[in-house]
Protein chains: 2
Amino acid sequence: MSSRAEQKSRTRRALMDAALAQLSADRSFGSLSLREVTRQAGLAPTSFYRHFTDLDELGMTLVDEGGVALRQLMRQARRRIVRNGDDGSAIATSIDTFMEYLQGNANLFRLMLRERTGLSEHFRTAIKAEIDHVATELAVDLRRFAAAEGRRLAEPKLVAEAMVALVFSQGAEALDASAEIQEQLKVKLKIELRMVLLGAQEMGTKGYDKV
Amino acid sequence: MSSRAEQKSRTRRALMDAALAQLSADRSFGSLSLREVTRQAGLAPTSFYRHFTDLDELGMTLVDEGGVALRQLMRQARRRIVRNGDDGSAIATSIDTFMEYLQGNANLFRLMLRERTGLSEHFRTAIKAEIDHVATELAVDLRRFAAAEGRRLAEPKLVAEAMVALVFSQGAEALDASAEIQEQLKVKLKIELRMVLLGAQEMGTKGYDKV
DNA sequence: TGTACATCAGTGAACGCGCGTTCACTGATGTAC
DNA sequence: TGTACATCAGTGAACGCGCGTTCACTGATGTAC
């Protein structure tokens with residue numbers, strides 16, 4: 001890459017980081033201003049247009065990045081679980097991996113969580129697609145684990161969706177919590193996920209009793 | 001109440017309704033403007049100050065209203081369940097009640113959902129408190145139901161929190177969905193809640209096996 | 001290697017706009033006698 | 001009931017401010033020969 005192109009992509013990155021930094025304060029993406037973002041990146045407002053047509057385009061780029069990071073997270077969790085062997089702590093390992101990821105990508109995650117119910121249809125759809133992707137992959141894993149243990153699991157996709165919903169819900173709380181509170185959230189989350197999995201196994205084994 | 005005071009409270013209501021109406025479009029509360037709200041309410045911008053010191057005060061009033069509505073919802077669901085007798089469909093009845101409420105108070109619910117992860121610490125704390133209140137009440141009910149049926153239920157509070165998280169997560173999706181999709185979401189939600197409850201009963205009966 | 005020209009990331013001035021807030025006001029409603 | 005005065009919800013003009021966007025520019029980097 002030419003040094004001019006390198007410089008350009010560095011600046012582009014600086015703009016994205018500036019936007020993420022603003023999100024870490026109590027800001028929704030929709031309340032960001034182009035001038036603030038460029039100011040934080042140390043650029044003139046007009047320079048923004050050399051990189052993005054508007055803030056929404058920058059936002060969608062960040063959502064894409066969040067999606068990529070989520071998939072990395074899943075892969076890493078899977079690798080760790082396999083490495084550990086099946087010592088029955090797949091859930092705990094996944095949660096640990098998730099929480100580590102949360103620490104390292106807090107602002108990216110904040111964007112996903114905040115705009116999932118946020119401003120624009122466009123954003124919401126994109127984020128929903130990323131989350132759905134995670135749930136689908138998880139469903140495949142759950143099916144595989146259940147089969148490997150010779151267990152029946154009712155509705156693996158629903159189990160996965162419920163788990164993802166719970167993880168994201170706790171994740172939102174964990175974002176600005178102290179390390180101590182985060183530990184408590186991990187314990188709670190672990191029990192909640194167990195309940196879902198156990199219930200699904202029961203339903204898979206004994207059929208859908210009314211509750 | 002004097003007619004002057006009545007008129008004043010009508011205007012106050014009009015401002016709150018105008019803000020809620022704006023939220024129904026793709027707007028987060030933080031992106032509302034005082035001028036837009038007063039314009040929609042048919043008032044001069046300056047009139048706003050006769051009713052609220054700023055938009056945040058109006059917002060907190062709406063959050064309070066959302067909390068009241070949530071409690072009404074719980075009471076209504078409980079009444080219906082009792083009326084139906086225990087035909088084993090307590091979950092279905094609760095979900096139906098919730099979805100009806102969602103329809104009737106869409107904008108209020110949107111505010112709660114959107115600002116739960118949203119702008120200000122102040123808002124988030126207030127909304128979290130309302131949701132926690134719901135979970136606590138639900139935990140009491142769950143404990144009672146379980147006792148009535150002579151079952152053990154592990155961690156009723158966690159079960160309640162997981163259920164509330166799932167209901168709110170699906171609620172967010174249901175908000176702008178078609179009637180058809182909403183039916184699907186209800187079915188999914190019902191199964192997910194069953195899983196949690198069944199799993200908790202298993203854990204209550206057989207102890208906390210590792211998963 | 002040296003020279004002449006093209007590209008293009010970043011700039012600074014300028015624009016019109018909607019914003020929140022202030023202020024002194026108006027006139028209907030409420031109150032005291 | 002009638003009169004004089006007080007209250008106060010709602011107003012319109014005005015303010016300074018930060019915003020997004022346009023435009024013509026600069027000067028370093030890249031390219032052709």
Side-chain angles (χ1 to χ4, degrees), chain A residues 1-62 111 115 118-123, chain B residues 1-62 111 115 118-123:
Chain A
M1 190 151 56
S2 69
S3 87
R4 189 190 258 175
E6 278 164 17
Q7 178 51 41
K8 183 169 187 183
S9 75
R10 266 196 297 273
T11 304
R12 183 185 160 91
R13 187 69 248 168
L15 286 168
M16 292 167 69
D17 289 340
L20 283 173
Q22 304 263 2
L23 288 170
S24 74
D26 274 341
R27 305 286 305 265
S28 72
F29 187 83
S31 75
L32 298 190
S33 91
L34 180 151
R35 279 178 179 267
E36 268 179 316
V37 169
T38 51
R39 201 179 303 133
Q40 173 139 358
L43 296 168
T46 46
S47 302
F48 185 89
Y49 298 101
R50 299 282 176 222
H51 303 274
F52 303 97
T53 65
D54 54 24
L55 275 175
D56 269 13
E57 191 183 301
L58 186 157
M60 289 306 297
T61 309
L62 292 176
L111 175 73
E115 301 308 325
L119 304 128
S120 84
E121 177 66 24
H122 195 192
F123 268 56
Chain B
M1 191 150 56
S2 68
S3 86
R4 189 189 259 173
E6 278 164 16
Q7 178 50 41
K8 181 167 188 183
S9 76
R10 265 194 298 273
T11 303
R12 182 184 161 92
R13 185 71 246 168
L15 286 168
M16 292 166 69
D17 289 340
L20 283 172
Q22 304 263 4
L23 288 171
S24 76
D26 274 341
R27 306 286 306 265
S28 72
F29 187 83
S31 75
L32 297 190
S33 91
L34 180 152
R35 278 176 181 268
E36 270 180 313
V37 169
T38 51
R39 202 179 302 133
Q40 173 139 359
L43 295 169
T46 45
S47 301
F48 185 90
Y49 298 101
R50 300 281 175 222
H51 302 275
F52 303 97
T53 64
D54 54 25
L55 275 174
D56 269 12
E57 191 184 299
L58 186 156
M60 289 305 298
T61 309
L62 292 176
L111 175 73
E115 301 308 324
L119 303 129
S120 84
E121 179 64 25
H122 196 193
F123 268 56

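Chain naming here is simple, since letters A, B, ... match the order of the sequence lines and numbering starts at 1 in each.
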Report task. Have a look at B:Arg10 and say if it touches a base, only the backbone sugar-phosphate, or nothing, with a 4.0 Å heavy-atom cut-off. Result ->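 Result for B:Arg10 = nothing.
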Query raised in the report: How is A:Arg12 classified with respect to the nucleic acid when contacts are heavy atoms under 4.0 Å: base, sugar-phosphate, or nothing?
Result: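 The answer is nothing, as A:Arg12 stays clear of every strand by at least 4.0 Å.
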Query raised in the report: Under a 4.0 Å heavy-atom cut-off, which of residues 13-22 of chain B touch DNA chain C?
Result: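 DNA chain C contact set from residues 13-22 of chain B: none.
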Report task. Mind running a 4.0 Å heavy-atom check of residues 42-58 of chain B against DNA chain C and sending the residues that fall below it, in number order? Result ->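 Result for residues 42-58 of chain B: B:Thr46, B:Tyr49, sorted by number.
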Query raised in the report: With no hydrogens and no angle check, is any side-chain donor or acceptor of B:Thr61 less than 3.5 Å from a backbone partner on B:Glu57?
Result: yes
First locate atom [atom1] of [X], then atom [atom2] of [Y], and finally report the distance between them rounded to the nearest 0.5 Å.
X        : Y        : atom1 : atom2 : answer
B:Arg12  : B:Leu58  : CZ    : CG    : 7.5 Å
A:His122 : A:Ser120 : NE2   : OG    : 7.0 Å
A:Leu15  : A:Leu62  : CG    : CG    : 10.5 Å
B:Leu32  : B:Leu23  : CG    : CG    : 5.0 Å
A:Phe48  : A:Thr11  : CZ    : OG1   : 12.5 Å
B:Thr38  : B:His51  : OG1   : NE2   : 11.0 Å

Report summary line: Sorted by chain and residue number, the side-chain hydrogen bond (donor to acceptor under 3.5 Å, both in side chains) partners of B:Asp56 (sequence neighbours excluded) come out as none
**Report entry** Intermediate values then yes/no, side chain to side chain contact (heavy atoms under 4.5 Å, CB included), B:Glu36 and B:Arg27
**Finding:** CA-CA 12 Å; B:Glu36 270 180 313; B:Arg27 306 286 306 265; 3.0 Å; yes
**Report entry** Residue pair B:Phe52, B:Val37: steps toward the side chain to side chain contact (heavy atoms under 4.5 Å, CB included) verdict
**Finding:** CA-CA 12 Å; B:Phe52 303 97; B:Val37 169; over 6 Å; no
Query raised in the report: Side-chain contact, heavy-atom cut-off 4.5 Å: B:Leu20 with B:Phe29?
Result: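 No; the side chains remain at least 4.5 Å from each other.
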Report task. Stems involving DNA chain D: give each as a range paired with a range, ordered by first number, where a stem means at least three consecutive Watson-Crick or G-U wobble pairs under 3.5 Å. Result -> C:2-33 with D:2-33
Report task. Under 4.0 Å from any heavy atom of chain B: name the first and the last nucleotide of DNA chain C that qualifies, 5' to 3'. Result -> C:dC19 to C:dG30
For residues 39-46 of chain B, tabulate all N or O donor-acceptor pairs below 3.5 Å that involve a side-chain atom, not counting sequence neighbours.
residue: B:Gln40; atom: OE1; partner: B:Gln22; partner atom: NE2; Å: 3.2

Query raised in the report: Can you find a side-chain donor-acceptor pair between B:Arg10 and B:Gln7 that sits under 3.5 Å?
Result: yes
